[in-house]
Amino acid sequence: MTGQPHLLLVEDDPATLHVLEATLEYGGFGSDVAPTALEALQRVGQRDYDAILLDLGLPDVDGAHLIKTLRTQSDVPIVVVSGRGTEQDKIAALDLGADDFIAKPFLPGELLARIRAVLRRRGPYVMAAPGNHPRSREAADVKLARLEGKLFNLLEQRGDEVVSYEQIIEEIWGKEKERGQSHVRVLVGQLRRKLESQGSRDRIKSVRGSGYKLIRRGGGGGH
């Protein structure tokens, strides 16, 4: 992970937001705010966040439902920061896919330590690059999250072959997971934005009604 980590705060209480934003700024983190679950999903679709801080008591949808929905789209670390701190609440949130849970009121230092911990556990995913590839140095410089990296490697291994939606779902999530084409599109969109933002010349081409293929520009593969 390079640069300033950027977090999404899913919280509608102004007083809590003030403390969270001040704490994150002190800890060297950037942040955006989403006061509702709907806005949180919209922001996640527009930007790759390093982590999400999420309250369970949201005005439109229960935070537990939001965690479940986020986990169908992304593996971004989720830290629940909530006044609902019973053992049952914690177990439910963690079982749904949250990475950590801290109850309100929280100590700013502890919150920062927990955020740093989930970011360390996630770590950067370095795009695999074959040793003989003429652009392997550039490829290795692009940092990808786990699912993004799995998708890139799958497309790269298939060369000029189109990889179908079904093949991507099976390779990325496995047969037991209930995933559809919309989940593939979200993941492909995240990977495209990551490649573009980090200066890679590689592009992912959509093949209408079939799937996707990787276009290596300036190196192996081609149009």
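For this chain, numbers begin at 1 and follow the sequence in order. Heavy-atom basis, side chains included; hydrogens, waters and symmetry copies ignored.
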Side chain of [X], backbone of [Y]: donor and acceptor closer than 3.5 Å?
| X | Y | value |
| --- | --- | --- |
| Ser206 | Arg208 | no |
| Asp99 | Ile78 | yes |
| Arg71 | Ser74 | yes |
| Lys205 | Lys213 | no |
| Gln167 | Ser164 | yes |

Could you walk me through whether Leu53 and Ile102 pass the side chain to side chain contact (heavy atoms under 4.5 Å, CB included) test, one step at a time?
CA-CA 10 Å; Leu53 302 188; Ile102 183 167; over 6 Å; no
Spacing of [X] atom [atom1] and [Y] atom [atom2] [to the nearest 0.5 Å]:
| X | Y | atom1 | atom2 | value |
| --- | --- | --- | --- | --- |
| Leu195 | Leu191 | CG | CG | 4.5 Å |
| Leu24 | Leu112 | CG | CG | 6.5 Å |
| Phe152 | Lys194 | CZ | NZ | 12.5 Å |
| Arg47 | Gln190 | CZ | CD | 13.5 Å |
| Ile91 | Phe101 | CD1 | CZ | 10.5 Å |
| Asn153 | Glu148 | CG | CD | 12.0 Å |

Check: residues 30-39 side-chain donor-acceptor pairs under 3.5 Å, at least two apart:
{"residue": "Asp32", "atom": "OD1", "partner": "His6", "partner atom": "NE2", "Å": "3.3"}
{"residue": "Asp32", "atom": "OD2", "partner": "His6", "partner atom": "NE2", "Å": "3.4"}
{"residue": "Asp32", "atom": "OD2", "partner": "Tyr49", "partner atom": "OH", "Å": "2.8"}
{"residue": "Thr36", "atom": "OG1", "partner": "Glu39", "partner atom": "N", "Å": "3.1"}
{"residue": "Glu39", "atom": "OE2", "partner": "Arg43", "partner atom": "NE", "Å": "3.4"}

If you draw a 6.0 Å radius around CD in Gln42, do more than 12 non-hydrogen atoms from other residues or ligands fall strictly inside?
yes
Hey, is CD on Gln88 packed in by over 12 heavy atoms from elsewhere, all under 6.0 Å?
no
Just so I know, are the side chains of [X] and [Y] near enough to count as touching, which here means a heavy-atom distance under 4.5 Å?
| X | Y | answer |
| --- | --- | --- |
| Arg116 | Phe29 | yes |
| Thr86 | Asp89 | yes |
| Leu54 | Val79 | no |

Same apolar cluster (I L V M F W Y, side chains within < 4.5 Å links), [X]/[Y]:
| X | Y | value |
| --- | --- | --- |
| Ile168 | Val207 | no |
| Val186 | Val163 | no |
| Val61 | Val44 | no |
| Leu119 | Leu94 | no |

Which heavy atom of [X] sits nearest a heavy atom of [Y], and at what distance?
| X | Y | value |
| --- | --- | --- |
| Ile204 | Val188 | CG2-CG1, 4.1 Å |
| Asp50 | Pro5 | OD2-CA, 3.1 Å |
| Ala93 | Val80 | CB-CG2, 4.1 Å |
| Ala98 | Ile67 | N-CG2, 3.8 Å |
| Leu56 | Ala64 | CD2-N, 3.8 Å |
| Gly85 | Ala103 | CA-CB, 4.3 Å |

Could you walk me through whether Thr23 and Leu20 pass the side chain to side chain contact (heavy atoms under 4.5 Å, CB included) check?
CA-CA 5 Å; Thr23 299; Leu20 285 173; 5.7 Å; no
Test of understanding: with side-chain contact (heavy atoms from CB on, under 4.5 Å), list the residues that count as partners of Lys104, not counting sequence neighbours.
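By the side-chain contact (heavy atoms from CB on, under 4.5 Å) rule, Lys104 matches Glu11, Thr16, Asp55, Val81, Phe106.
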Check the pair Asp95 / Lys90 against salt bridge (charged side-chain N to carboxylate O under 4.0 Å, His left out), numbers first and verdict last.
CA-CA 8 Å; Asp95 282 345; Lys90 294 178 181 179; over 6 Å; no
Taking the basic N atoms (NZ, or NE/NH1/NH2) and the acidic carboxylate oxygens, is any pair closer than 4.0 Å for Asp75 and Lys150?
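No.
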Please walk me through it: do Ile52 and Leu7 pass side chain to side chain contact (heavy atoms under 4.5 Å, CB included)?
CA-CA 6 Å; Ile52 296 175; Leu7 280 62; over 6 Å; no
Run the numbers on Tyr212 and Arg185 for side chain to side chain contact (heavy atoms under 4.5 Å, CB included), then give the verdict.
CA-CA 10 Å; Tyr212 300 91; Arg185 293 191 192 101; 3.6 Å; yes
